[in-house]
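One structure below.
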There are 2 protein chains.
Amino acid sequence: MGPKKRISTAVIHRLPKYYRHLGELIDTGVQRISSRDLSLRMRVTASQIRQDLNHFGGFGQQGYGYNVNTLYNEIGKILGLGKIHNIVIVGAGNLGQALAHYQYFRHRGFHIIGMFDKDEAQIGKKIGDIEVMDVDALPAFLKENNVEIGAIAIPKSEARRMAEILVENGVKQIWNFAHLDLHLGDDVIVENVNLTESLMRLSFRAALEKKK
Amino acid sequence: MGPKKRISTAVIHRLPKYYRHLGELIDTGVQRISSRDLSLRMRVTASQIRQDLNHFGGFGQQGYGYNVNTLYNEIGKILGLGKIHNIVIVGAGNLGQALAHYQYFRHRGFHIIGMFDKDEAQIGKKIGDIEVMDVDALPAFLKENNVEIGAIAIPKSEARRMAEILVENGVKQIWNFAHLDLHLGDDVIVENVNLTESLMRLSFRAALEKKK
DNA sequence: ATATATTTTGACATAATAGTAACAATGGTA
DNA sequence: TACCATTGTTACTATTATGTCAAAATATAT
């Protein structure tokens, strides 16, 4: 079972977008949709939608299209939703706190169950309903709790070491906000969010636009 | 002048990474580097580095490689750095505050000069050294200040309207953290940061990994 | 109820794009 | 001067996206 072929990063980027648009369609009461109508809405080609979805199975029906609810649920399953994913955040600074407050994650099954910092001033502080713990307590916490995802929200000087502690204690998914590349082994998945790079891409595209 | 061919998004994603790695090399005192050595460091092919850089000009020298400082500065120029980019943040919630506190942006010339919110409880609050203003004052602020980038850090219900206000008042670059697609005209550049989608990609890749 | 037209998928063929390899040209180095 | 390292460029390969169409299901007409 499972997909026969490798899934390209381009497809991986589109999957959550399909999911989001299908969710919006459900909210507006749409029950079925053709690849063509979805393509108009999402500004991609219908062919691409059909091809993307067929990596995972034939969810549509000739002459009818796709049942919005079914497709939404199927893509949810493909994305690994529909179960609880526990997260710990390393770093209780502004970014860590913002992540902890973000409501959307919980709606999708991503539960933040621990926050850690090395700064005495942060330890003991309550962020929402979770208390910031001493980073020294992280290994013990990981052993006692089923943590899937470790979010790295600290400066890069400490980031690698903390990522290694996470991995040593069984965490296989790293959500990395620090400005460095983490190579933690073939079985560890790293998803990078680098806001400075994002700003630079924006700036680059603006610079290009001006030249035209 | 300017690049002859369209620059692919793949290249746009790599440019800030080149910049980051070159910065790190400068910090460690490295003066010159070959595409091969850089390729080992960055885990891409040397061929790709040479091809990427040659979109913008021949910065290297046969038999020598690239001068790290020169290349760093050239890529900086290409990315539109080396000048001040003023930003306003719409939304002074946790995410907006985290962005405002983030120090790295300023180091790269991205200056946050205004924050806006519609919530009475936020208005007047000081985030670092800037005061949160009433969102009603945004159009006037945009007319009086040279704002290049508008960051959207509010829920999607209000996001489109606020983005339109930014664009109507001359902002051509939108940094969008809201969970919707903004289509604001051909000359408006939108850079999306969708943290929920980022988590879903992580979750998807983890689900794939388990199947193997 | 049945036949016919229409819609739309899934699969495959084709086109476009992106990445890698190869190598002549060229400046640095011994 | 001769050799070596390494680029910039071109050719090639791989990947990704798009177009096409038979097959299948729905919708419509009779």
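Keep in mind it's a predicted model, so treat the numbers as computed, not measured. Convention: sequence-line order gives letters A, B, ...; per-chain numbering from 1. Atoms considered below: every heavy atom in the structure, side chains included; atoms not considered: hydrogens, waters and symmetry mates.
Remark on DNA chain C: of its neighbouring residues A:Leu53 and A:Gly63, the 5'-side contact belongs to A:Gly63, judged by nearest-heavy-atom nucleotide. In terms of position on DNA chain D, the residue among B:Arg50 and A:Gln48 whose nearest nucleotide sits closer to the 5' end is B:Arg50.
Among residues two or more places apart in sequence or in another chain, the salt bridge (charged side-chain N to carboxylate O under 4.0 Å, His left out) test is passed with A:Glu197 by B:Lys17, B:Arg20. A:Arg108 is linked by a salt bridge (charged side-chain N to carboxylate O under 4.0 Å, His left out) to nothing, counting only residues two or more places apart in sequence or in another chain. With sequence neighbours left out, B:Asp117 forms a salt bridge (charged side-chain N to carboxylate O under 4.0 Å, His left out) with no residue at all. For B:His111, the side-chain hydrogen bond (donor to acceptor under 3.5 Å, both in side chains) criterion is met by no residue, not counting sequence neighbours. By the salt bridge (charged side-chain N to carboxylate O under 4.0 Å, His left out) test, A:Arg160 pairs with no residue at all, sequence neighbours left out. Partners of A:Phe105 according to the ring-ring contact (aromatic ring centres under 6.0 Å, His included) rule, which considers only residues two or more places apart in sequence or in another chain, are A:Tyr102, A:Trp175.
Atom CZ in A:Phe56 sits about 15 Å away from atom C1' in C:dG10, given to the nearest Å. The CD1 atom of B:Ile49 sits 17 Å away from the P atom of D:dT9 (whole-angstrom rounding). Protein atom CZ of B:Arg6 is 12 Å distant from nucleotide atom C1' of D:dA17, rounded to whole Å.
Residues from residues 64-79 of chain A placing a heavy atom under 4.0 Å of any atom in DNA chain C, listed by number, are A:Tyr64, A:Gly65, A:Tyr66. Residues of residues 8-42 of chain A having a heavy atom closer than 4.0 Å to DNA chain C, listed by number: A:Ser34, A:Ser35.
Among the atoms of the strands shown, only primed sugar atoms or phosphate atoms (P, OP1, OP2) are found under 4.0 Å from some heavy atom of B:Thr45.
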Pairs under 3.5 angstrom, nitrogen or oxygen only, protein versus nucleotides 28-30 of chain D, please.
none

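Sorted by first and then second residue, the pairs that involve residues 29-46 of chain B and meet salt bridge (Lys or Arg N to Asp or Glu O under 4.0 Å), not counting sequence neighbours, are B:Glu24-B:Arg41. Counting only residues at least two apart or on different chains, no salt bridge (Lys or Arg N to Asp or Glu O under 4.0 Å) pair has a member in residues 56-67 of chain A.
Scanning atom types as modelled, one donor and one acceptor separated by under 3.5 angstrom connect the side chain of B:Gln51 and the base of C:dT20. The base of D:dA17 has none of its N or O atoms less than 3.5 Å from a complementary donor or acceptor on the side chain of A:Ser47.
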Distance-only donor-acceptor pairs under 3.5 Å for side chains of residues 144-151 of chain A, two or more places apart:
residue  : atom : partner  : partner atom : Å
A:Asn145 : ND2  : A:Phe141 : O            : 2.9
A:Glu148 : OE1  : A:His85  : ND1          : 2.6
A:Glu148 : OE2  : A:Lys83  : NZ           : 2.4

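Closest contact between the side chain of B:Gln62 and the listed nucleotides C:dT26, D:dT15, C:dT8 involves C:dT26.
Checking the phosphate oxygens (OP1, OP2) of D:dT9, a side-chain nitrogen or oxygen of B:Asn54 falls inside 4.0 Å.
Within 6.0 Å of NZ on B:Lys156 lie more than 12 heavy atoms contributed by other residues, nucleotides or ligands. Summarising the local packing, NZ of B:Lys172 is surrounded by more than 12 heavy atoms from other residues, nucleotides or ligands at distances under 6.0 Å.
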